[in-house]
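Residue numbers count from 1 along this sequence. Remember, it's 1-based here, ligands and their atoms both numbered in the order they're listed.
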Amino acid sequence: MSCIVVASEAKQSPEDCFVISFLAMTFRAILPKELLSIVLVRNFKTKMNTTIQETPEHLAAFENKISCGEKIEPKDWMPERYRKQLIRMISQHAHSEIVGMLPEGNWITRAPSLRRKKVLLAKVQDEAGHGLYLYCAAETLGVDRRELVEALLAGKAKYSSIFNYPTLSWADIGVIGWFVDGAAIVNQTMLARSSYGPYSRAMLRICSEENFHKKQGYEIVATLANGTAEQRAMVQDAVNRWWWQSLMMFGPSDANSPNSEELLRWKVKQETNDELRQRFVNITVPQAKAVNLTLPDSDLKFNSETGDYDFGKINWEEFYNVINGNGPCNAERMKARRLADENGKWVREAAEEYARKNFSKTKNI
Ligand code: BYC
């Protein structure tokens, strides 16, 4: 039994994992089921599947499953590249939700009425929940949440470029809901059809909540757009500052997107960065017209041949600058996350101690 406890708590290399899996399977065969921890079994089974050698037959069966529209679940065999790509993408998504609380959280105490304050508080809290579902989805791939957070704090993992810009006025909160949550819905509705079961299911709930977020943002925008001249100017200024940055959320153009080919082949993504960006533009242009706001792009015009709105050139230099850590608020965001991590240390230690004591009391149930 003590050998199995070690297996659940240590970080294992693939080789250790294989040995541990073998020992654990032996224990499972000889011990009554109730003596084994469920957490433990889940942990080593997930890892165990990554240690099976990749053969062309395994890969063909895996790809066939995907092409039939079946979901890949944590205990199914998967190529190591698929697992790595998902960990990268889901953890980046989780970090984005958590870092994304900062620009809006900054306005909770300054919201202009109790109603606005309550709604914004609930929205920011939803984003925290999204981060937690996504860390859980990443953990089903056999990675530890702590490792993911440490990668973020060390600057090795990315989070969405959009959260590296400052929220200068109350109108920014409306525009974030409208553009940023609107862009997230377009992207995440596609990800809700992703081939990886836990990610696609997390997206269903997240998308429902994002729909409320977008509506609350658009309502703020519509109110300001129908308000005084000063309010109109404030909201137009926010639109001007967030438009291009929202288009960058969809990632580099398809020609410069190194991960897309693999992700599309394995149906993690079902549409390309450019296709989703175009859909977002097509949805948003009429919404801007409805509230008499102008999008800051002189090349924006309807193309009757394609049925799309053509738009101007994105400043990719700015995009790469931001994702490489040099945007207006990158340092501030990372400082805030590091501080939160330090301040939360005692809570994690207390929780770990509680779990340790609780586990030692209940390990034989
Ligand atoms: N920002 O090969 P590519 C929210 C990186 S939060 C930063 O096209 P891929 C909300 C990319 O990671 C929701 N980095 O990558 C929260 C890659 O670098 P690495 C946020 C970006 O994965 C609070 C490199 O560029 N949504 O809604 O095929 C309040 C090359 O890119 C960005 C998600 O996270 C970027 N914008 O496609 C309000 C969606 N774009 O990792 C709202 C989930 C690209 O190789 N993620 N990079 O070093 C995705 O859908 C995809 O990962 C992306 C990129 C479309 C973002």
Side-chain angles (χ1 to χ4, degrees), residues 84-107 120 122-131 133-134 137-138 151-152 155-165 167 172-194 196 199-200 202-203 206-207 209-214 216-217 242 244-266 268-277 280 314 316 318-327 330 333:
K84 284 223 163 81
Q85 277 285 24
L86 280 168
I87 292 173
R88 176 190 69 82
M89 194 169 151
I90 301 175
S91 63
Q92 178 181 308
H93 195 162
H95 301 324
S96 303
E97 300 283 357
I98 301 295
V99 177
M101 295 164 72
L102 295 168
E104 289 176 286
N106 186 29
W107 275 90
L120 184 58
K123 179 197 190 292
V124 173
Q125 187 175 301
D126 282 353
E127 308 297 358
H130 298 174
Y133 315 147
L134 287 162
L152 172 75
K156 290 184 199 148
K158 294 188 170 70
Y159 58 90
S160 184
S161 49
I162 193 74
F163 303 118
N164 291 305
Y165 293 89
T167 39
D172 287 27
I173 302 306
V175 173
I176 288 178
W178 176 26
F179 286 174
V180 177
D181 289 274
I185 293 167
V186 169
N187 176 273
Q188 292 170 172
T189 305
M190 179 260 309
L191 293 175
R193 290 181 280 119
S194 141
Y196 188 56
Y199 196 23
S200 71
M203 284 301 112
I206 292 179
C207 282
E209 292 177 354
E210 301 288 26
N211 270 304
F212 282 106
H213 298 173
K214 180 179 171 180
Q216 67 83 35
W242 290 93
W244 290 104
Q245 288 67 19
S246 301
L247 298 190
M248 292 175 195
M249 278 181 77
F250 294 93
S253 61
D254 295 349
N256 295 310
S257 165
N259 297 295
S260 278
E261 191 263 326
E262 208 166 38
L263 294 174
L264 287 162
R265 174 153 52 93
W266 286 330
V268 175
K269 281 177 167 183
Q270 316 245 356
E271 285 165 278
T272 71
N273 297 357
D274 287 335
E275 285 166 348
L276 294 172
R277 187 170 10 250
F280 172 74
I314 292 173
W316 291 117
E318 176 180 337
F319 169 77
Y320 287 111
N321 203 31
V322 172
I323 69 169
N324 288 325
N326 304 315
N330 294 60
R333 301 296 181 234

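Contact shell of ligand 1 (protein heavy atoms, cutoff 4.0 Å): R88, M89, Q92, H93, S96, E97, G100, E104, K123, E127, K158, Y159, S160, S161, F163, V180, D181, A184, N187, Q188, L191, Y199, E210, M248, M249, F250, G251, P252, S257, P258, N259, S260, L263, K269, N273, F319, I323.
A heavy-atom distance below 4.5 Å is not found between the side chains of W266 and Y196. Taking the side chain as every heavy atom from C-beta outward, F250 and V186 approach each other to under 4.5 Å. At a threshold of 4.5 Å between non-hydrogen side-chain atoms, the residues V268 and Q85 do not count as touching.
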With salt bridge (Lys or Arg N to Asp or Glu O under 4.0 Å) as the criterion, how do K269 and E275 come out once you've worked through the C-alpha distance, each side chain's angles and the decisive distance to 0.1 Å?
CA-CA 11 Å; K269 281 177 167 183; E275 285 166 348; over 6 Å; no
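Residues R265 and E261 are paired through a salt bridge, judged by an N-O separation under 4.0 Å between the basic side chain and the carboxylate.
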For residues 96-105, tabulate all N or O donor-acceptor pairs below 3.5 Å that involve a side-chain atom, not counting sequence neighbours.
from, atom 1, to, atom 2, distance (Å)
S96, OG, Q92, O, 2.7
S96, OG, S160, N, 2.9
E97, OE1, H130, ND1, 3.4
E97, OE2, H93, NE2, 3.4
E104, OE1, K123, NZ, 2.9
E104, OE2, K123, NZ, 3.1

